[in-house]
Amino acid sequence: MLSSNIQKLNSTKPFSLLPPKPSLSSHGKTSFPTHYKQKKCLPKRNPGLSVRANIFDKAISAVKHHAEAISVKATVIVKLTVGNALTSFDELTDILGKSILLELVSNELDPKTGKEKDTIKSYAHIHVGIQKPGEMQLDANFKVAPDFGDVGAILLENEHHSEVFIQSVVLEGLPQGPVTLSCNSWAHSKYDNPKKRIFYADKSYLPADTPDGLKKFREEELVNLRGNGQGERKKFERIYDYDVYNDLGDPDCILGEIRRPVLGGKEHPYPRRCRTGRPPTKKDPLSESRCLAIYVPRDECFSEVKGATFGINSLKSALHVLAPLIENVIVDIKEGFPYFTAIDQLFKEGMELPEGAGDLQTILPRTVKALKDGENNVLRFEPPELFERDKFSWFRDEEFSRQTIAGLNPYGIQLVTEWPLRSKLDPNIYGPAESAITEEIVQKVIGGYMTVEQAFKQKRLFIIDYHDLLLPYVAKVRELEDTTLYGSRTLFFLVDDSTLMPVAIELTRPKIGDKPQWKHVFTPGHDATSCWLWRLAKAHAVAHDSGIHQLVSHWLRSHCCTEPYIIAGSRQLSEMHPIFRLLKPHFRYTMEINALARTLLINGGGIIERSFSPGKYSIELSSVAYDKLWRFDTQALPGDLISRGMAVEDPTAKHGLKLAIKDYPFANDGLMLWDAIKEWVTDYVNHYYPEASQIKSDSELQAWWEEVRTVGHGDKRDEPWWPVLNSKENLIQVLSTVIWTTSGHHAAVNFGQYAFAGYFPNRPTIARKNMPTEDPIEEDYERFLQKPEKTLLEMFPSQLQATLVMGTLDVISSHSPDEEYIGDTWEPYWVADPTIKVAYEKFHAKLKELEATIDERNRDPKNTNRGGAGVVPYELLKPYSEAGVTAKGVPNSISI
């Protein structure tokens, strides 16, 4: 600019800034031109002189500006990954020093124009010197005028032909002191998208407090992230939008149509997922075509470490490669295990895989081992701790009861609040509503303790009740091959303040065709036949719980219901918003793992449908659960416990709740974690919202919560239980609930999957045969009497189903080496604020205390639900863990 002004100056004729010389009048007096007398000022230049003088003034000003400008250095850290592989043209660009263009953005508006100040630009050059492994440092230099104001953001243009991962930018030399911009994001190539990326400084701002110079950028970035709802999304994009679950089926499949209903809408209410914009299928315009690489916004994708250790390689191999190999070994995919020792062999000798196993040993090192004397691979599973400690524990009623409150699905059990038990389903369709669990049956089991009436009044009867949820699907599922289903209830009696005893299992088949309703109650037996029937009934009950655990407690309540929070957050909360920065660590990788689940796990013909009792109705069943059971105010742990009758509010009790079962490991540990989360959120909210009025006036926050309720969970938009963000208390409760769901809730139902279900007789995922007493065929019933163990093995999953589930659970129960655990990840935005830093340090200390408390509780012999002979200690809510399958550790997010 300076040189161009000087060039203009040199092209003009000389002129003088002095007033014109006076002339001598006829009276002998000096006189000036008339216009000087009229204006009583210096002579006015003619237009030509005025322009040239103005150019000269600007040139002088530019020289002065250049002399007073401050030298500012920018250090750009680029994370090197395989995805950052640059072309030869890119490398040439780097050498020429035009790899990344940076523009400094001022917090202030131009006082003359009232608009944003012009940015200050500079190209980043490769740093000359030692580079850290895995990183590339680039340097840029700026000349910043003293009146530029504080730098609040940078615009970045990636000149490469491929994307790069910008880790951070640090500006040094500014009057305001060093400015850090923690980017941690992919910058697309300008050849893919000419729009520049904006990164904000680590200081957080509510919308009303946004510096004037950043307001336009803040608003425009949110508009960009929302997209226009058109077209198919591309890999490099960062567009967040909504769609229904219309991609689970595959109507165009060349092997046969796989049709699944659209989930989301009046007929099948469901949360929304991220829109990908793929074209519809040819045979069904309502279904979206499928592909292996489902779009998720670029910043939601796995890191390279995560991708190498999970999912993209491991799970695809387990399902796409391992399954056909096992099928070749087994031949009959319906074949079950001939005896229990054959199950044990999976952990000892394993199953030799045929040629073609390839590099499975590298991809699945825990399960696929290399043979010592050959080139083939062998599928050999690591024994779960439950199997190692006591492989017969699954046979015992005590362990069956204990795992309802200290196992994989502690969300299933609830207090009996009505007696006698009745169904709420239409009796004209499903048969009589009265339960077959009568007072007489229960009294026979608990007679040595008290009467049934006393047990009910003293709140000692508990139940896992899947009767009404499953019964409408029994007839449909029974039309599928090699599976069956019942509506089920499992009743327990609380012997003392902590010990549960199973009382009865009711299995019900509704009216089907000309067959009337069939229901039967099984109780712990005292003779050989009743004992074996009880074991068979337990297999059915546990298979039902396995399905509800996976489809509702795990997938629906954590993975599925969280995705709308993430989408709405990126669409409505600026990246400089303190609430966005609070929640961001708890959303890490969730959209990617959900997309992967839609590709390989919950899709039509996927692992869930192939291996769980509801078969192709599995995810549809989760929609019914969402419709009938899910509500936001019971997703917080205290609300959940109260809703199930497992706790009552008590201001004098620890955590403000009195538990119905004193030694309830999940609840006891979970409430400590919940309290720590809520205290951290309270400190955070109080810091950024000193007054409740700031919450009401926060346009971005209100828009986020409005969109969560009316779009992301739009099928429940009119429910009265949604909190209103009009107070600190409500905001703290909402944020604590979201964080609990993504951390503690998910950890409790996910990371113990291999520990509890890796030895599948403990938690079979499917029951393939009816009870031998239902419409008994004389020949089949006689075979049961002669070989009841054989009947149980035939009821269990097939060899193919069992090994596929075991391999999958091994993968999804594993912590990645780059896992970020709750209270242990110091976000730069929090460190930058002294008040928030102190609050987070307190949060971290609380979680270290929780770790020590869990160890202490597990060592206490009075806590019989946490320990004892052959009992696996309860550690699922222990905050920290090493990498791998450990059955402990609470990550920040639903990252697997």
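Position 1 is the first residue of the sequence; numbering continues from there. Owing to the predicted nature of the structure, the values given are computational and were not obtained by experimental measurement. For the numbers below, each heavy atom of this structure counts, side chains included, while hydrogens, waters and symmetry mates do not.
Although no hydrogens or angles enter the test, the distance criterion places a donor-acceptor pair under 3.5 Å between the side chain of Glu609 and the main chain of Gly605. For His520 (side chain) and Ile505 (main-chain N/O), no donor-acceptor pair under 3.5 Å exists by modelled atom type. Listed for the Arg460 side chain is a donor-acceptor partner under 3.5 Å among the backbone atoms of Val495. Listed for the Asp650 side chain is no donor-acceptor partner under 3.5 Å among the backbone atoms of Leu657. Checked by atom type and distance alone, the side chain of Arg389 pairs as donor or acceptor with a backbone atom of Val871 at under 3.5 Å. Judged by distance alone, with hydrogens and angles left aside, the side-chain atoms of Ser623 form a donor-acceptor pair with the main-chain N or O of Pro269 at under 3.5 Å. Listed for the Ser618 side chain is a donor-acceptor partner under 3.5 Å among the backbone atoms of Gly615. At distances below 3.5 Å, not a single donor-acceptor pair connects side-chain atoms of Gln753 with backbone N or O atoms of Ser813. Here the side chain of Ser611 pairs a donor or acceptor atom with the backbone of Ile607 at under 3.5 angstrom.
A donor-acceptor pair shorter than 3.5 Å cannot be found between the side chains of Tyr874 and Asn865. No hydrogens or angles considered: nothing links the side chains of Gln517 and Thr508 as a donor-acceptor pair under 3.5 Å. A donor atom on one side chain and an acceptor atom on the other are found under 3.5 Å apart for Trp534 and Asp397. Donor-acceptor pairing under 3.5 Å is recorded for the side chains of Asn858 and Arg866. Side chain to side chain, Thr634 and Asp640 fail the donor-acceptor criterion of an N or O pair below 3.5 Å. A donor atom on one side chain and an acceptor atom on the other are found under 3.5 Å apart for Ser622 and Tyr270. Side-chain contact annotation: Gln801 with Arg610, donor-acceptor N/O pair under 3.5 Å absent. A donor-acceptor pair shorter than 3.5 Å can be found between the side chains of Glu774 and Tyr486. His554 and His549 form no side-chain donor-acceptor contact under 3.5 Å, judged by distance and modelled atom types alone. When only modelled atom types and interatomic distance are considered, Gln403 and Asn762 share a side-chain donor-acceptor pair under 3.5 Å.
Atom NZ of Lys519 sits in a crowded spot, with more than 12 heavy atoms from other residues, nucleotides or ligands closer than 6.0 Å. Glu453 CD: 12 or fewer foreign heavy atoms inside a 6.0 Å radius. Heavy atoms from other residues, nucleotides or ligands lying under 6.0 Å from CD1 of Ile777 number 12 at most. The number of heavy-atom neighbours closer than 6.0 Å to NZ of Lys888, taken from other residues, nucleotides and ligands shown, is above 12. By the 6.0 Å contact criterion, NZ on Lys476 is enclosed, its count of non-hydrogen atoms from other residues, nucleotides or ligands being greater than 12. Under a cut-off of 6.0 angstrom, the local environment of CD in Glu649 is sparse, with at most 12 non-hydrogen atoms contributed by other residues, nucleotides or ligands.
Using a 4.5 Å heavy-atom threshold, the side chains of His713 and Cys561 count as touching. Counting only heavy atoms from C-beta outward, the side chains of Thr765 and Ser613 never approach each other to under 4.5 Å. Taking 4.5 Å as the limit, every side-chain heavy atom of Tyr626 sits out of range of all side-chain heavy atoms of Val552. A heavy-atom distance below 4.5 Å is not found between the side chains of Trp630 and Glu719. Counting only heavy atoms from C-beta outward, the side chains of Lys878 and Val890 never approach each other to under 4.5 Å. Counting heavy atoms from C-beta outward, Lys616 and Leu480 have side chains that approach closer than 4.5 Å.
In this structure, Lys538 fails the cation-pi test against Phe522, since its NZ or CZ atom is not both closer than 6.0 Å to the six-membered ring centre and inside 45 degrees of the ring normal. Figure legend: Lys391 and Tyr759 shown without cation-pi pairing, the cationic atom not lying both under 6.0 angstrom from the six-membered ring centre and within 45 degrees of its axis.
Minimum interatomic distance between Pro772 and Pro776 (heavy atoms only, all atoms of both residues): O-CB, 3.2 Å. Listed here is the closest heavy atom pair of Thr741 and Ile894: O-CD1, 4.3 Å. Residue Gln799 comes nearest to Pro338 through the heavy atom pair NE2-CD, 4.2 Å, listed as atom of the first residue, atom of the second, then distance. The minimum heavy-atom distance between His544 and Ser488, with the atom names listed, is ND1-OG, 2.8 Å. The two residues Asn668 and Lys662 have their closest heavy-atom pair at ND2-O, 3.0 Å. The two residues Ser558 and His745 have their closest heavy-atom pair at CB-CD2, 3.9 Å.
By the 4.0 Å N-to-carboxylate-O rule, Arg509 lies close enough to Asp775 to be salt-bridged with it. Look at Asp669 and Arg857 and you find a salt bridge, because one of the NZ, NE, NH1 or NH2 atoms lies within 4.0 Å of a carboxylate O, short of that distance. Residues Glu398 and Arg402 are not paired through a salt bridge, judged by the lack of any N-O separation under 4.0 Å between the basic side chain and the carboxylate. Taking the charged nitrogens against the carboxylate oxygens, Asp390 and Arg396 do have a contact shorter than 4.0 Å, which makes a salt bridge. Under a 4.0 Å N-O distance rule, the pair Asp482/Lys334 does not qualify as a salt bridge. Under a 4.0 Å N-O distance rule, the pair Arg422/Glu434 qualifies as a salt bridge.
Shown here are the side-chain contact (heavy atoms from CB on, under 4.5 Å) partners of Val477, two or more places apart in sequence or in another chain: Tyr473, Thr483, Leu485, Tyr617.
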How far apart are the C-alpha atoms of Phe392 and Phe395, what are their side-chain angles, what is the distance that settles it, and do they pass the ring pair (Phe, Tyr, Trp, His ring centres under 6.0 Å) test?
-> CA-CA 6 Å; Phe392 297 112; Phe395 228 52; 7.5 Å; no

Pair Trp394-Phe340, ring pair (Phe, Tyr, Trp, His ring centres under 6.0 Å): steps then yes or no | CA-CA 13 Å; Trp394 67 277; Phe340 277 94; 5.7 Å; yes

Go through the steps to decide whether Ile463 and Thr490 satisfy the test side-chain contact (heavy atoms from CB on, under 4.5 Å), and finish with yes or no.
-> CA-CA 5 Å; Ile463 193 170; Thr490 306; 5.8 Å; no

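The side chain to side chain contact (heavy atoms under 4.5 Å, CB included) test with Ile413 is passed by exactly one of Thr404, Asp465, Asp545: Thr404.
Between His655 and Trp674, the distance separating the two ring centers is not shorter than 6.0 angstrom. Taking the six-membered ring for Trp and the full ring otherwise, the centers of Phe493 and Phe462 sit at least 6.0 Å from each other. Proximity of the aromatic rings of Trp721 and Phe632 is defined here by a centroid distance below 6.0 angstrom, and this criterion is not met.
Here CD1 of Ile619 is found 9.0 Å from CG of Leu621. Values are rounded to the nearest 0.5 Å.
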